[in-house]
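Heads up: the structure comes next, in structure tokens.
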Amino acid sequence: MSILPLNIFILYLTTTTTASLQTLNTNTFINPKLPPITFTDSKKNEGSSELVNLRYHMGPVLSSPINIYIIWYGKWAPSQKLIIKDFIQSISTTNHRAAPHPSVSDWWKTVTLYTDQTNANISGNILIAGEYSDRKHSHGTHLTRLTVQDVIATSVKSAPFPVDHKNGVYLVLTSGDVTVQDFCRAVCGFHYFTFPSKVGYTLPYAWVGNSGKQCPEVCAYPFAVPGYMGSGGPGSLAPPNGDVGVDGMISVIGHELAELSSNPLVNAWYAGEDPTAPTEIGDLCEGLYGSGGGGGYIGQVMKDGSGRTFNMNGRRGRKFMVQWIWSPVLKACSGPNALD
């Protein structure tokens, strides 16, 4: 449910790939070894069909076209908003001329493999249906998990930003000048649903924060590495869109949208017996971005001619770095840039 990409877990894959350099058009494959960061005691097993007990608990998934309502909380630059909106809109960009393989749309195909009890798949039709900006921090510059719902309540009361209780999901994005309960310490993002007492409706939502100034080495990893490593440690990877905080958010947004779609009311797809702390389809693949990942390797990703690192393409020539997702068919982590 929440994401803390602090661990680069050892992945038990059927095929591993050693770090190598290969030329593919103007891009280069790399599999950099980065230091595992161990600020969590997570015991999740990844990449193993025998050790992962992901089950369906009979709840709904988002099988209808998904309307995303973005709430920009705090101060956001237009360029930052554009990166995030291009990523979300890339999910439904299936034209490979507009977004060449491996693409964000290819990545989302793994998410659409999940079904509900009627055998309806998660939708691949995702639309940014509305935006609301709260630059004046109407609920202060520090939010708790509950006051995030107050932010949503304020937004939906501001016409023409609607309550869409049929197809809507609400994405609360906090800028770098906003602190959030447990942010940087335990989570980089989370999803849940609103309480009728707070918002008037039960609405699936997710929150993700910009860690660029607060904790990039935690929530924008591997685009930033911990300061204690100094000059003696491995260098961070160059972000594909030149913004460490926002490029770091992209993977967290992808993670949360995938889990929100497959477990919107926390009673659908997850592993474990505790629905209040489920292990979901993104949690199972934290830290994995390409083939050959594990043991400190993020997996084989690509580097463009400017040295920026990415693993999938988006619309308008964008490039993104997004973690893999657990496939219910392969029973392993899967991504569009897989080499095997």
Side-chain angles (χ1 to χ4, degrees), residues 5 21-32 66 68 70 72 76-112 123-131 171 173 175-176 208 210-212 216 219-224 235-258 288-291 298-325 334-339:
L21 296 178
Q22 301 176 27
T23 300
L24 178 61
N25 298 328
T26 59
N27 301 321
T28 301
F29 282 123
I30 60 171
N31 189 1
I66 301 169
I68 295 182
I70 304 177
W72 305 98
W76 288 91
S79 60
Q80 294 177 317
K81 290 183 176 181
L82 192 57
I83 294 170
I84 292 171
K85 289 194 292 184
D86 277 343
F87 170 70
I88 294 172
Q89 291 172 323
S90 293
I91 294 175
S92 295
T93 303
T94 57
N95 185 332
H96 277 177
R97 289 187 177 182
H101 178 81
S103 69
V104 176
S105 178
D106 295 330
W107 169 81
W108 189 259
K109 287 178 181 177
T110 298
V111 181
T112 65
S123 177
N125 186 355
I126 295 179
L127 171 72
I128 297 177
E131 298 177 61
L171 181 59
L173 303 176
S175 57
V208 179
N210 186 340
S211 67
C219 293
Y221 186 86
F223 300 129
S236 58
L237 303 180
N241 297 288
D243 189 313
V244 168
V246 173
D247 276 308
M249 288 181 74
I250 293 298
S251 189
V252 186
I253 290 171
H255 175 119
E256 296 302 337
L257 288 180
L288 178 62
Y289 297 84
S291 299
I298 64 172
Q300 286 213 341
V301 295
M302 292 170 280
K303 183 181 289 186
D304 66 16
S306 300
R308 296 181 176 183
T309 309
F310 68 102
N311 67 346
M312 59 190 73
N313 298 297
R315 67 192 293 266
R316 298 189 330 112
R318 291 283 191 191
K319 300 181 188 301
F320 301 105
M321 184 87 150
V322 186
Q323 70 153 86
W324 283 11
I325 295 296
S334 177
N337 58 313
L339 299 181

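Along the sequence shown, residues carry numbers from 1. It should be emphasised that the depicted structure is a prediction, and the values quoted were computed from it without experimental measurement.
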Which atoms form the tightest heavy-atom contact between [X] and [Y], and what is the distance?
X      : Y      : value
Ala258 : Val111 : CB-CG2, 3.8 Å
Asn241 : Ile83  : CB-CD1, 3.8 Å
Pro240 : Phe223 : CD-CZ, 3.5 Å
Ile325 : Trp107 : CG1-NE1, 3.5 Å
Ser175 : Asn210 : C-CB, 4.0 Å
Gly307 : Ala238 : O-CB, 3.4 Å

**Message:** Between Trp324 and Asn337, do the side chains contain a donor N or O and an acceptor N or O under 3.5 Å apart?
**Reply:**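 Per modelled atom types, Asn337 and Trp324 side chains form a pair under 3.5 Å.
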What pairs with [X] under side chain to side chain contact (heavy atoms under 4.5 Å, CB included), at least two apart in sequence or on another chain?
X      : value
Ala98  : Thr93, Asn95
Ser211 : Phe183, Cys215, Cys219, Ala220
Thr112 : Trp108, Lys109

**Item:** salt bridge (charged side-chain N to carboxylate O under 4.0 Å, His left out) partners of Lys81, counting only residues at least two apart
**Value:**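 Lys81 satisfies salt bridge (charged side-chain N to carboxylate O under 4.0 Å, His left out) with no residue once adjacent residues are dropped.
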Under the 3.5 angstrom rule, does the side chain of [X] hit a backbone N or O of [Y] as a donor-acceptor pair?
X      : Y      : answer
Ser105 : Ser90  : no
Asn125 : Ser92  : no
Ser306 : Arg308 : no

Say you draw a straight line from [atom1] of [X] to [atom2] of [Y]; how long is it, rounded to the nearest 0.5 Å?
X      : Y      : atom1 : atom2 : answer
Met302 : Tyr289 : CE    : OH    : 14.0 Å
Asp247 : Met321 : CG    : CE    : 10.0 Å
Lys303 : Lys319 : NZ    : NZ    : 14.0 Å
Ile84  : Ile70  : CD1   : CD1   : 7.5 Å
Ile68  : Ile88  : CD1   : CD1   : 5.0 Å
Gln300 : Ile298 : CD    : CD1   : 10.5 Å

Hey, does [Y] have a side-chain heavy atom less than 4.5 Å from the side chain of [X]?
X      : Y      : result
Ile91  : Leu257 : yes
Leu173 : Ile253 : yes
Arg316 : Gln89  : no

**Request:** Please name all residues satisfying ring-ring contact (aromatic ring centres under 6.0 Å, His included) with Phe87, sequence neighbours left out, ordered by chain then number.
**Result:**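 With neighbours one apart ignored, the set is Phe320.
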**Message:** Applying salt bridge (charged side-chain N to carboxylate O under 4.0 Å, His left out) as the test, list every pair that has at least one member in residues 94-105; sequence neighbours left out.
**Reply:**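 Of all non-adjacent pairs touching residues 94-105, none passes salt bridge (charged side-chain N to carboxylate O under 4.0 Å, His left out).
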